[in-house]
Number of protein chains: 2
Amino acid sequence: MRKRTISIATVAAEAGVGVGTVSRVLNGSDQVSEATLKRVLGTIERLDYRPLRSASSLSKGRTDAVGILVSVITRPSVMARLVGVIDVLSDAGLDAVVFNVENRAQLERHLSSIIDQRRVDGIIAISLRIPKERITRIRKLAIPLVLVDNSLPNLPCVYIDDVAGGKMATEHLLSLGHRRIGFIGDNARSDLGMSASENRYAGYLMALEAAGIGPDFDLVARGPHSSEAAAVLASALFELGKRRPTAIFASSDTLAVGVIKEAQQHRLKIPDDLAVIGYDNLEVSSILDISTVNQPLLESGTKGASMMVSLLNGEIAKPHREELVLDVVPRGSSLGIQRNSPTKLYGVVEGPQGLQILQGGEELVS
Amino acid sequence: MRKRTISIATVAAEAGVGVGTVSRVLNGSDQVSEATLKRVLGTIERLDYRPLRSASSLSKGRTDAVGILVSVITRPSVMARLVGVIDVLSDAGLDAVVFNVENRAQLERHLSSIIDQRRVDGIIAISLRIPKERITRIRKLAIPLVLVDNSLPNLPCVYIDDVAGGKMATEHLLSLGHRRIGFIGDNARSDLGMSASENRYAGYLMALEAAGIGPDFDLVARGPHSSEAAAVLASALFELGKRRPTAIFASSDTLAVGVIKEAQQHRLKIPDDLAVIGYDNLEVSSILDISTVNQPLLESGTKGASMMVSLLNGEIAKPHREELVLDVVPRGSSLGIQRNSPTKLYGVVEGPQGLQILQGGEELVS
DNA sequence: TCATGCCATGGAACCGGTTCCGAATTGGGA
DNA sequence: TCCCAATTCGGAACCGGTTCCATGGCATGA
């Protein structure tokens, strides 16, 4: 009857050393002589031994895992940030434990279980507003917290100035000579507090005011975050007759798509009858040639995760705040420039069965 | 000087009982009298005590976490499945540890660290082919493994018959009278083995053969999974002159988008000059009115996760296999039917600042 | 009244690592 | 040759739960 599981004690016995020595070897301590190091490593190899995560977690007092709280994960922009976060954490050897938060109750539940049970060493919140009382509790427990796509005083965060973004988008339309500029955005939600759309709206108002144009609330509309809703709202704006907007700033590309679809229904030519600019620079905006405001989404994720890694390594002293840069991507929906050819260079070759574009570095199967 | 951390011993001492009793209370054992139960619960409440995850993991011998291996996570279809998985796991009180796998090396690294360190109780692989030797190792260690969007004998899996799907899509085009039907798909990749596109291709060939049409490899093209690549490939097909296809089956909606964009460049009318059908029923296909094959993506995730939960609870005896149903969603890109109005009913109301569509059940901020 | 058995309970042993203290060995200098 | 310091190492104590066994109390039946 063999021993069931091989533990550190098994290795120690087998190698003829103490458990302490094996542990030192595992953790790369320099307090081990060359000879023993080799012997222990050999034994580990031979027994195919790996230390158990939960055991080392318990004695080390940390989990080597980071909790990621994500607001409605299905949104492409949120997704992109998440990918950035996961990649960096993974490279740092940290587990990424993902929690999808659809509403306030879920947020509370996840937070309390994460925090109280100490399941993770740190928390990254993406596009999410954390209740104040939770923040203080997290602070008291000294659990690192990093905000991505959000900003709070005295907390490390990677954020984007949505007000400036809204201003830039509106200014783009103003620079093209538009004066009647509409705004279509998300409902302001109190529960999860994704305030991005409202901030962009604020920027929109600022830009108008700076241009000496008073706000016309008839040109402003909000609804759920979907193309269909945006289409309905756009339709309402189009029916204003000669008072209808000549340009629309949609607070996200998803909404811009709905606006454009609806414009086509109304036989409005883009951009001559109606100029449109979105926000996020999602893939769909490039496909549909929609002008937009580019956010470094992936980068916001990687930056945030890097901060977390530094925090866990005790490398950052005080809260670090990083603001990422935005830029307007003018495309056909506002400029009307001739659509350009695919930017990437693709070489089509004759494949075994039909045409083929080979991918760089990829191994292909015949 | 107060005690630093409150442990189960603290609670036991405070409540005047043994640690065993507290543990029993925590785990809902019925071996505790009403009176002590109340007293212990009170103490727990008063001290705001929560058991430490890693400690219970160590002694219980399980982590209450599930590893999720995901192939290129950015693909919308993969994403949708992931969301389904996370939601179910979360409801079951299991942590979802996500690993993004971009290439074979990463897959190996993640797998070995997951498996050897026993970081998780089970593994869910989404749209991923696991190397045989890994499978046998996982089997030997008795770690539950569930495949989503993939199928292997003797393993629990949730899969979709891509061959049948490819056949359905092609038959749809055939039924509209098309005879010269092109195929645009992904490169067959050996490393991660996402064979979906190739399987759909197989279905395409079967449908053609059943209709008495021999395959014409001049109408077949493969490339990277992007709209741009698809556009380039489509362009090549369009330049075949009178031998050009009158219809194209794109193995995913992303590719179909590229095909349609390119058709517009070539002044081909959709669907009169060219009918197109995609695959996946992504949001973009509905926006652009592209016919497609609907896969229950979210459902595949939830089903897979449910299997995992059952497995971990020891409820399933032998490998359970579930095949989900597909259906063709005919839209304008093949039928040319008048575009329909938004399906959802939205009521536009006058909001505090502009128009507004209220969301069901959502709390709104003024 | 005493034997029997069940139920609630305390607490030691244990899960598998890490850490720290003390001991053993070695090397160098006096 | 002896002593001291540095280096290497063994192993007990510990992290904070869970589990199981032994124990004490109480009720039941004879």
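Lettering follows sequence order; numbering is per chain, from 1.
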Expressed in angstrom and rounded to an integer, what is the separation of [X] atom [atom1] from [N] atom [atom2]?
X: B/Asp30; N: C/dC6; atom1: CG; atom2: C1'; value: 13 Å
X: A/Leu58; N: D/dG17; atom1: CG; atom2: C1'; value: 8 Å
X: B/Lys60; N: C/dG17; atom1: NZ; atom2: C1'; value: 19 Å
X: A/Ile6; N: C/dG16; atom1: CD1; atom2: P; value: 11 Å
X: A/Asn27; N: C/dG16; atom1: CG; atom2: C1'; value: 13 Å
X: A/Gln117; N: D/dC15; atom1: CD; atom2: P; value: 20 Å
X: B/Ile8; N: C/dG10; atom1: CD1; atom2: C1'; value: 13 Å
X: B/Arg24; N: C/dG10; atom1: CZ; atom2: P; value: 8 Å

Using a 4.5 Å cut-off on heavy atoms from C-beta on, say whether the side chain of A/Glu108 contacts that of A/Pro131.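 They are in side-chain contact.
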Would you say that A/Ile115 contacts A/Arg137 through its side chain, given a criterion of any heavy-atom pair below 4.5 Å between the two side chains?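 Sidechains of A/Arg137 and A/Ile115: in contact.
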Ignoring hydrogens and geometry, is there a side-chain-to-backbone donor-acceptor pair from [X] to [Y] under 3.5 Å?
X: A/Ser7; Y: A/Ala9; answer: yes
X: B/Thr21; Y: B/Val17; answer: no
X: A/Ser127; Y: A/Asp149; answer: no

Distance check: side-chain N/O of [X] vs OP1/OP2 of [N], anything under 4.0 Å?
X: A/Gln31; N: D/dT7; value: no
X: B/Ser33; N: C/dC7; value: no
X: B/Ser23; N: D/dT18; value: yes
X: A/Thr36; N: D/dC9; value: yes
X: A/Thr5; N: C/dG16; value: yes
X: B/Thr21; N: C/dG10; value: yes
X: A/Ser57; N: C/dG17; value: no

Applying the side chain to side chain contact (heavy atoms under 4.5 Å, CB included) criterion to A/Val11, which one of A/Val19, A/Thr43, A/Val25, A/Leu26 satisfies it?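 Result for side chain to side chain contact (heavy atoms under 4.5 Å, CB included) with A/Val11: A/Thr43.
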Quick one: label A/Val22 by what it contacts on the DNA or RNA (base, sugar-phosphate, nothing), any heavy atom closer than 4.0 Å.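 If one applies the 4.0 Å heavy-atom cut-off, A/Val22 turns out to touch nothing in the nucleic acid.
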Assuming nearest nucleotide by heavy-atom distance, tell me which of B/Ser56 and A/Gly16 is located more 5' along DNA chain D.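 In this pair, the answer is A/Gly16.
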Ion pair A/Arg62/A/Asp64, N-O distance below 4.0 Å: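 Yes, this pair counts.
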Would you call A/Arg81 and A/Glu299 a salt bridge, using N to O less than 4.0 angstrom?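 The answer is no: the pair does not qualify as a salt bridge.
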Rounded to 10 degrees, the angle between the two terminal axes of the helix from C/dT1-D/dA30 to C/dA30-D/dT1, each from five pairs: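 Comparing the first five pairs with the last five, the axes sit 50° apart.
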Where each residue is assigned the nucleotide of DNA chain C containing its nearest heavy atom, which of B/Ala35 and A/Leu26 is assigned the position nearer the 5′ end?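 The residue whose closest nucleotide sits nearer the 5' end is B/Ala35.
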